[in-house]
Amino acid sequence: MKSVDVRNLLSIDDLEDNFVDILDWAIRYKNETDYHLDFSPLSGMAVGSIYEKPSTRTRVSFEVGITKLGGQPLTLSKNDIQLGSSESVSDTAEVLSRYLDCITYRCFGHESVTELAKHSSVPVINALSDLHHPCQAAADLMTIREKRKPDQGHIAWVGDGNNVLHDLMLAAAMSGYDLVYATPEGMGPDQSVLERARRMGKKYGTKITGTRDPIKAVSGSGVVYTDVFISMGEEHLSDKIKSFDGFQVNSTLTSHARPDYIFMHCLPAHRGDEVTDSVIDSPNSVVFDQAENRMWAQMSILTFLCNHQAWMTYRDLV
Ligand code: CP
Ligand code: NVA
């Protein structure tokens, strides 16, 4: 039996041995609509979501997903609550834990979500920090598993070595997919996350490789993935964009991928910067399926963390 003592989701490797099962049940939630309509594992529960940064996908997919599971979503944007100048993260965690059954948190520094989890007595889900975006990686691997087998080409990342790449590397390593990332000099992934992903790769028989050459990364790939060159909170680093010369995902670059490659982007996309319309609007693009899957993947994660008994029951029934 897999581990059941996972309490928080701060980075995707927190789910480790349970990850593939969580993706399988996310796909079931998506496909077996009749079943999940009668299944309310979050009945009587309230889930609060704190946002220090804007969000379209995360916010809406959590609100709708929580409602579908029978729970009550509360969205708490930074301007609406005392968190910040008036109240500490730790006091906020202590107080919210008295009302809520789960807290999701989109923050700037990763240490904020770690601090919230430390002082919360209910599960905490990282809804994006500067270092990790685990809910995105769950939806990404759900999408990849729906459309590609591990022997249909590796995952190629082209762009910044950022939060989305970090969890994508960890998630790929845990679920049987090799990944090659191309990042400009000085823009590579965080070294300690890379080491964690490579350790994970050793355990699960997958490889995570880095290069400075986008063509090398994309050659023979089954998935081509990019993200914005400048993330939220990095607006003051606008000069950074100059480093990404040659890293745009366009039709010339994707001509090196397998003809049946899929194009992925966590969105929002800055069309004309990291990706051209010709790629993101092509039949190879799965970006909107990927966005939809945020909801199904998070529903599976919420069930797993907030009502493990129901998650096991559902798992064994189908
Ligand atoms: N991909 C993603 O997290 O999108 P939002 O910023 O709109 O939530
Ligand atoms: N890397 C991006 C992802 C947005 C969903 C950011 O952090 O802004």
Side-chain angles (χ1 to χ4, degrees), residues 9-12 26 47-66 73 75-78 103-113 125-144 155 157-171 179 181-184 187-190 193-194 223 225-238 240-241 243-244 247-249 263-271 273-275 280 285-299 301-302:
L9 175 59
L10 304 188
S11 59
I12 199 70
V47 179
S49 299
I50 306 172
Y51 290 92
E52 291 185 356
K53 295 172 178 171
S55 167
T56 298
R57 280 142 288 270
T58 308
R59 175 178 172 160
V60 177
S61 59
F62 263 117
E63 286 192 9
V64 176
I66 292 160
T75 294
L76 311 165
S77 86
K78 203 179 172 185
I103 305 171
T104 83
Y105 185 20
R106 170 167 287 199
C107 60
F108 286 89
H110 187 70
E111 61 284 355
S112 297
V113 69
I125 298 175
N126 178 3
L128 180 147
S129 67
D130 60 353
L131 200 59
H132 289 290
H133 197 1
C135 297
Q136 184 65 54
D140 294 345
L141 265 297
M142 176 183 171
T143 310
I144 292 169
I155 302 170
W157 173 276
V158 180
D160 192 21
N162 65 13
N163 46 4
V164 174
L165 172 61
H166 289 158
D167 287 80
L168 185 69
M169 289 191 306
L170 292 161
L179 183 147
Y181 64 84
T183 51
M187 305 288 163
D190 177 89
V193 177
L194 179 60
V223 178
Y225 199 130
T226 191
D227 182 15
V228 290
F229 295 147
I230 307 215
S231 285
M232 290 181 278
E234 290 187 337
E235 292 78 7
H236 59 292
L237 302 175
S238 54
K240 193 180 155 188
I241 205 145
S243 315
F244 292 97
F247 281 75
Q248 185 186 65
V249 177
F263 172 72
M264 299 183 72
H265 192 306
C266 59
L267 304 180
H270 292 176
R271 290 164 177 257
D273 286 347
E274 74 274 8
V275 62
I280 198 169
S285 176
V286 299
V287 297
F288 300 120
D289 292 337
Q290 190 186 351
E292 176 188 336
N293 284 344
R294 291 291 305 274
M295 183 176 74
W296 305 115
Q298 287 158 195
M299 285 169 66
I301 291 166
L302 282 163

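Both ligands and their constituent atoms are indexed starting at 1 by order of listing. Along the sequence shown, residues are numbered consecutively beginning with 1.
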* pair Asp227-Leu165: side-chain heavy atoms closer than 4.5 Å -> no
* Structure fact -> Closest non-hydrogen atoms of Ser55 and Arg59, given as atom of the first, atom of the second and distance, are OG-N, 3.0 Å
* Which heavy atom in Pro189 sits nearest to a heavy atom in Tyr181, and how many Å separate them? -> CD-CE1, 3.4 Å
* Asked: Between Gln298 and Ser61, does any side-chain donor sit less than 3.5 Å from a side-chain acceptor?
  -> yes
Check each N or O atom of ligand 1 against all protein N or O atoms and list the pairs under 3.5 Å, with atom names and distances to 0.1 Å, one per line.
from	atom 1	to	atom 2	distance (Å)
ligand 1	1 (N)	Gln136	OE1	3.0
ligand 1	1 (N)	Cys266	O	2.9
ligand 1	1 (N)	Leu267	O	2.9
ligand 1	1 (N)	Arg294	NH1	3.4
ligand 1	3 (O)	Thr58	OG1	3.1
ligand 1	3 (O)	Arg106	NH2	3.0
ligand 1	3 (O)	His133	NE2	2.8
ligand 1	3 (O)	Arg294	NH1	3.1
ligand 1	4 (O)	Arg57	NE	2.9
ligand 1	4 (O)	Leu267	O	3.4
ligand 1	6 (O)	Arg106	NH1	2.8
ligand 1	7 (O)	Thr56	N	2.7
ligand 1	7 (O)	Arg57	N	2.9
ligand 1	7 (O)	Arg57	NE	3.1
ligand 1	7 (O)	Arg57	NH2	3.0
ligand 1	8 (O)	Ser55	OG	2.7
ligand 1	8 (O)	Thr58	N	2.9
ligand 1	8 (O)	Thr58	OG1	2.6
ligand 1	8 (O)	Arg106	NH2	3.1

* Residue and atom name of the nearest protein heavy atom (relative to atom 8 (O) of ligand 2), distance in Å to one decimal -> Met232 N, 2.7 Å
* Structure fact -> Closest to atom 3 (C) of ligand 2 among protein heavy atoms sits Asp227 OD2, 3.6 Å
* Which atoms from ligand 2 have a heavy atom of Leu267 less than 4.0 Å away? -> 5 (C)
* Flag, side chain of Glu235 to backbone of Gly233, donor-acceptor distance under 3.5 Å -> yes
* To do: Answer yes or no: is there a donor N or O on one side and an acceptor on the other, between the side chain of Asp167 and the main chain of Ile12, under 3.5 Å?
  => yes
* Under the 3.5 angstrom rule, does the side chain of Arg294 hit a backbone N or O of Ala139 as a donor-acceptor pair? -> no
* Between the main-chain N or O of Leu10 and the side-chain N or O of His132, is there a donor-acceptor pair closer than 3.5 Å? -> no
* To do: Answer side chain, backbone, both or neither: which part of Asp160 comes under 4.0 Å from ligand 2, heavy atoms only.
  => neither
* What atoms in ligand 2 come closer than 4.0 Å to a heavy atom of Asn163? -> 1 (N), 2 (C), 6 (C), 7 (O)
* Asked: So, is Ser231 polar-close to ligand 2, with some N/O to N/O distance under 3.5 Å?
  -> yes
* To do: Starting from the C-alpha separation in whole Å, work towards a yes-or-no answer on side chain to side chain contact (heavy atoms under 4.5 Å, CB included) for His270 and Phe229.
  => CA-CA 9 Å; His270 292 176; Phe229 295 147; over 6 Å; no
